[in-house]
2 protein chains.
Amino acid sequence: MTVGGTAEEQARARVVDAAEELFYARGVRAVGMDAVRSAAGVSLKRLYQLFPAKDHLVEEFLRRRDHAWRAALVRHADARPTPRARLLAVFDWLYEWFAEPDFRGCAFLNCFAELGGTSPAVAEAARAHKAAVRTYLGELTAATGASEPEPLADQLALLAEGAIATAAVTGSPEPARAARAAAQALLAAAGVEGGGADGPAAHPAGPEGYEAGAAPRQAPANPRTATAHTDPASG
Amino acid sequence: MTVGGTAEEQARARVVDAAEELFYARGVRAVGMDAVRSAAGVSLKRLYQLFPAKDHLVEEFLRRRDHAWRAALVRHADARPTPRARLLAVFDWLYEWFAEPDFRGCAFLNCFAELGGTSPAVAEAARAHKAAVRTYLGELTAATGASEPEPLADQLALLAEGAIATAAVTGSPEPARAARAAAQALLAAAGVEGGGADGPAAHPAGPEGYEAGAAPRQAPANPRTATAHTDPASG
DNA sequence: CGGAACGGAGAACGATCGTTCTCCGGCGCT
DNA sequence: AGCGCCGGAGAACGATCGTTCTCCGTTCCG
């Protein structure tokens, strides 16, 4: 990890990696700059050369997380052959994410809860992230040919959001299953039916049509702690 | 507000009122004990007599919020005549709550995000609150006579949870409407249909059958900042 | 009326945190 | 070799926070 690039880029990457892990696991305010420093293995002086204030580091953390998280989601979903399968794959991906041992909910929701009341920048980052995800779901929904895709996408977004929050507090990945089932019902009610089998609901990802090519691959989806499966990058 | 009871009880109530408002608006760690002290109008000495540590105050805040929030929800929903109307009324009540000017999401989710990673007590409080809400939705769902009430209740709970989170970050109460529509679709798919009109979806509460009697009224649902409507107690 | 217990106001203390500064060893250049 | 610069390690500083302590006016009881 963090190979290539100038020394400064490597240092930045290591710092943001460390910050991401610590901030996500314990919350922003519970993590001191010194903890980031020692986890990243840089000197305090260098840390402040790279990020003149903790706020900058937090914003960079959120920026990176947004890119990596959405890229991983898109990569997983866009590998499916049909629009309906892509939508349902979103919930399969959530299941994998929830099952990761260090899953602790949505980093944006967490930061919003902690800092959104006092930091407009964090509030805006959370809002932008959620809007981007909602936009992606809107595209997937429109592609299904549903009669009214926008309200349906709103509803599917709520299911995903609720699953994330519920999985976080309960510690169980099951909410992803329930959300998937609900999404299926809502799609059916909107006239979007699956061919025969519904694809893999019981286990992670099906073997059908990976590398379908449409994935934007916007961010490198950092290989830190690279997990075996398609790496939900824990956003 | 906070009339009756011994002086100690009044002081406790004022302190928890102040803490609730401050913790909810700004987050727990962003609020010092001194801010609670001056907002509650008690001396620091008395504050520490009542709550020997900040953790105790946080836990009391969550305990009170859980009771008040669920009591307000139950009071609103149980006033409706049919099980199906009660379930949908949950989302109407969410709409009213989201529309309150100082709404900032679910206090339990916020505290979990901020402290759940380091405080097992807070994590457990959040888990218990969500479980209690889910149980209530389960009862309402079972009363509709739906064929498989438990999975359906899971899905409805996800919709409510997602609506709360989405309303918090977007600042709009609309997610409650989207969640209500989705709930209606899921109920219909489960064979639970409304008689004719769906009851009041466009505006707060219908005038039908208040004081239906089944409301547990477990907590006084503190009258602080008493809003005009049925007081969703901002949980 | 005297004194003792009590409560309020806020200073004080120790810890932590974000941020800056100092010191020092190593490296390149002449 | 001698000199100067850069980066690392970590001490230091000021602010804030949770918690405790001190001081002082009031009040209640004999």
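Below, read A as the first sequence line, B as the second, and so on, with proteins coming before strands; counting in each chain starts at 1. The structure presented is a predicted model; accordingly, all values stated were derived computationally and were not measured.
- Checked against D/dG18, C/dT20, C/dG10, the side chain of B/Met33 finds its nearest nucleotide in D/dG18.
- Within the structure, every side-chain polar atom (N or O) of B/Lys45 is placed at least 4.0 Å from both OP1 and OP2 of C/dG8.
- Taking atom CD on A/Gln49 and atom C1' on D/dC5, their separation rounds to 13 Å, with Å as the unit.
- If you measure from atom CG of B/Asp55 to atom P of D/dC17, you get 16 Å, rounded to the nearest angstrom.
- Among the atoms of the strands shown, none is found under 4.0 Å from any heavy atom of A/Val36.
- Nearest heavy atom pair, residue A/Leu44 against residue A/Met33, reads CD1-O, 4.3 Å.
- In DNA chain D, consecutive stretches of 3 or more Watson-Crick or G-U wobble pairs with both distances under 3.5 Å are given as paired ranges: C:1-30 with D:1-30.
- Note that the CZ atom of B/Arg86 and the OG1 atom of B/Thr141 stand 11.5 Å from one another [nearest 0.5 Å].
- Atom CD of A/Gln10 is separated from atom C1' of D/dG7 by 16 Å (rounded to the nearest Å).
- In this entry the distance linking CG of A/Leu57 with P of C/dT19 reads 10 Å, nearest Å.
- In this structure, A/Arg37 atom CZ and C/dC17 atom C1' are separated by 14 Å, rounded to whole Å.
- To the nearest 0.5 Å, the span separating CD on A/Glu114 from CG on B/Leu115 amounts to 8.0 Å.
- Separating the CG atom of A/Leu47 from the C1' atom of C/dC21 is a distance of 16 Å, rounded to the nearest angstrom.
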Practice item. Evaluate the criterion salt bridge (Lys or Arg N to Asp or Glu O under 4.0 Å) for residue pair B/Asp17 and B/Arg64; output intermediate values, then yes/no. Key: CA-CA 9 Å; B/Asp17 277 346; B/Arg64 189 124 93 84; 2.6 Å; yes
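- Residue contacts shown for A/Arg46 are limited to sugar-phosphate atoms, with no base heavy atom under 4.0 Å away.
- For B/Arg26 and D/dT16, the CZ to P distance is 14 Å, given to the nearest whole Å.
- Remark on DNA chain C: of its neighbouring residues A/Val28 and B/Leu44, the 5'-side contact belongs to B/Leu44, judged by nearest-heavy-atom nucleotide.
- Separation of atoms CZ (A/Arg180) and CD (A/Glu174) is listed at 13.0 Å; rounding is to 0.5 Å.
- Taking atom CG of A/Asp34 as the reference point, atom C1' of C/dT16 lies 11 Å away to the nearest angstrom.
- Ranked by how close their nearest DNA chain D nucleotide is to the 5' end, A/Gly41 and A/Arg29 are led by A/Gly41.
- Remark: A/Arg177 is positioned above the aromatic ring of A/Tyr95, its terminal NZ or CZ atom under 6.0 angstrom from the ring centre and at most 45 degrees off the axis.
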Review point. Given B/Arg134 and B/Glu150, is the salt bridge (Lys or Arg N to Asp or Glu O under 4.0 Å) satisfied, shown in steps?
Key: CA-CA 10 Å; B/Arg134 169 50 247 266; B/Glu150 288 303 312; 2.5 Å; yes
